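Quantities reported herein were computed from a predicted structural model and do not represent experimental measurements. All residue numbers in this chain count up from 1 along the given sequence. For ligands, and for the atoms within them, numbers begin at 1 and follow the listed sequence.
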Amino acid sequence: METTVLKKIWLSPPHMGGNEQTYVQEAFDSNWIAPLGPNVQNFELAIEQFVGNGVRSACLSSGTAAIHLALEILGVGRGDEVICQSFTFAASANPITYLGASPVFVDSESDTWNISPNLLREAISDRIAKGRKPKAIVAVHLYGVPYKVDEIHAIANKFNIPIIEDSAEALGSTYRGFNCGSFGDIGILSFNGNKIITTSGGGALLCKDVKTKEKAVFLATQARDNAPHYQHSEIGYNYRMSNVLAGIGRGQMEVLPERVESRRRNFEFYREHLSDISGISFVKEPEWSSSNRWLTCILTPSYEFRERIRLALENENIESRPLWKPMHLQPIFEDSLSYVNGTSEDLFERGLCLPSGSSLEHNDLERICGIIKKLLK
Ligand SMILES: *Cc1c(COP(=O)(O)O)cnc(C)c1O
């Protein structure tokens, strides 16, 4: 008997544009096989031009490293508390613990799925009342959907607490016409393999002035003092991006607008073909923002319903994934403080990320929707 192997469809695979290898070759030709060199500078320039709003960027080895350095630059240290959106990937929260500080998790609102302004206000007031004013806030544009920048930043400003804007999933998303990554006291990007563009692994710290950028680069390159010998007055890290990988990044920046378009097209296809099916819904795009639709997420009526879809797709060699498990429900953070309202827990139970790569073809999308439709008939 013949067995046919169905073509594997991944959730969000890398998608090269064409010029990446040219820039990587330049690194080889000039022997800049190091965590510095012209590709790093040019990649940073391309990021700064794309994000705009006057941002400076420092390319690093990962988005996690960028959050770690952002927290350190903002003065977070042992014994401090840092507020963090609970509904996110663990990399938003883990670096808080690297510095000996504690995360305080805040739940989401149901319209953007991001940090709730009301709950944030409540959490800050409560922590201040207990003599524990938070040192920083990590807010996340989850799945590329911008959080309510004006509301969240007004609250942070009122209490004079800096914001780290986790834009790992939101490169190419905009809020009131400005690019995500440009709003926080410090912003971060990720170029991990599953993100909208990738350098296989990598990230960037975004800031508003050259001094902060220089500080980030200093910390990312072992904190070397200005001396002919190796001298250190501070603890540093080895977090700078390699010039080889920055070559991939330069090529990827050239196709970023196309990648955003393709992901938005995927979302529209799913919405068109699935929204009249019993109870499946999508997170809306408010008129004041545009999402890069990094991943298309559906909300189903129940956990069982969600699992039926996920397993049916898996059975046909198609990868899908439940939404992020909130941090306040993670075993590692069970002792952490949290201010919750049930929103992220409910989203986690009922939500599913569908294949969303920019290289998905029309017939892949038809195949996926066909399986879901057949299942629910
Ligand atoms: C991917 C991601 C990160 C971390 O990025 P890495 O480059 O993988 O370290 C941080 N926050 C969120 C929300 C992410 O999705």
Next on the checklist: Which residues pass the ring-ring contact (aromatic ring centres under 6.0 Å, His included) test with Phe269, not counting sequence neighbours?
Outcome noted: His273, His362
Item to check | Ligand-residue contact atoms, ligand 1 with Thr88, heavy atoms, under 4.0 Å | outcome: 13 (C)
Next on the checklist: Test of understanding: given a 4.0 Å heavy-atom threshold, classify the contact between Ala168 and ligand 1 as side chain, backbone, both, or neither.
Outcome noted: side chain
Item to check | Arg350 to Phe305, cation-pi by 6.0 Å centre distance and 45° axis angle | outcome: no
Checklist entry - Relative to the ring of His153, is the ring of Phe183 parallel (under 30°), tilted (30 to 60°) or perpendicular (over 60°)? => result perpendicular
Next on the checklist: Looking only at distances, can you tell me whether any N or O atom of Gly63, backbone or side chain, sits closer than 3.5 Å to an N or O atom of ligand 1?
Outcome noted: yes
Checklist entry - Among protein heavy atoms, which lies nearest atom 1 (C) of ligand 1, and at what distance? => result Lys195 NZ, 1.6 Å
Checklist entry - Does the pair Glu214/Lys211 count as a salt bridge with the N-to-O cut at 4.0 Å? => result no
Checklist outcome for this item: Restricting to heavy atoms, the pick from Ala90, Ala91, Pro95 nearest atom 4 (C) of ligand 1 would be Ala91
Item to check | CG-CZ distance between Leu313 and Arg321, expressed to the nearest 0.5 angstrom | outcome: 13.5 Å
Item to check | Note: Lys148-Glu109 ion pair, threshold 4.0 Å (strictly below) | outcome: yes
Next on the checklist: Give me the residue, atom name and distance of the protein heavy atom closest to atom 5 (O) of ligand 1.
Outcome noted: Ser190 OG, 3.2 Å
Checklist outcome for this item: For atom 15 (O) of ligand 1, the closest protein heavy atom turns out to be Glu169 OE2, 2.6 Å
Next on the checklist: Give me the residue, atom name and distance of the protein heavy atom closest to atom 8 (O) of ligand 1.
Outcome noted: Asn192 ND2, 3.4 Å
Checklist entry - Take atom NZ in Lys8; do more than 12 heavy atoms of anything else shown fall under 6.0 Å from it? => result yes
Checklist entry - Can you list the atoms of ligand 1 that are under 4.0 Å from a heavy atom of Gly202? => result 7 (O)
Checklist entry - Can you say whether the rings of Tyr230 and His232 are parallel (under 30°), tilted (30 to 60°) or perpendicular (over 60°)? => result tilted
Next on the checklist: Among all protein heavy atoms in this structure, tell me which lies nearest to atom 11 (N) of ligand 1, with the distance rounded to 0.1 Å.
Outcome noted: Asp166 OD2, 2.8 Å
Checklist entry - Taking only heavy atoms of Ser62, which atoms of ligand 1 are found under 4.0 Å from at least one of them? => result 7 (O), 9 (O)
Checklist entry - Taking the six-membered ring where the residue is Trp, are the ring centres of Phe267 and Phe282 under 6.0 Å apart? => result yes
Checklist entry - At what distance is the nearest protein heavy atom to atom 9 (O) of ligand 1, and which residue and atom is it? => result Thr64 OG1, 2.5 Å
Item to check | Within-shell test, Ser92 vs ligand 1, heavy atom, strictly < 4.0 Å | outcome: yes
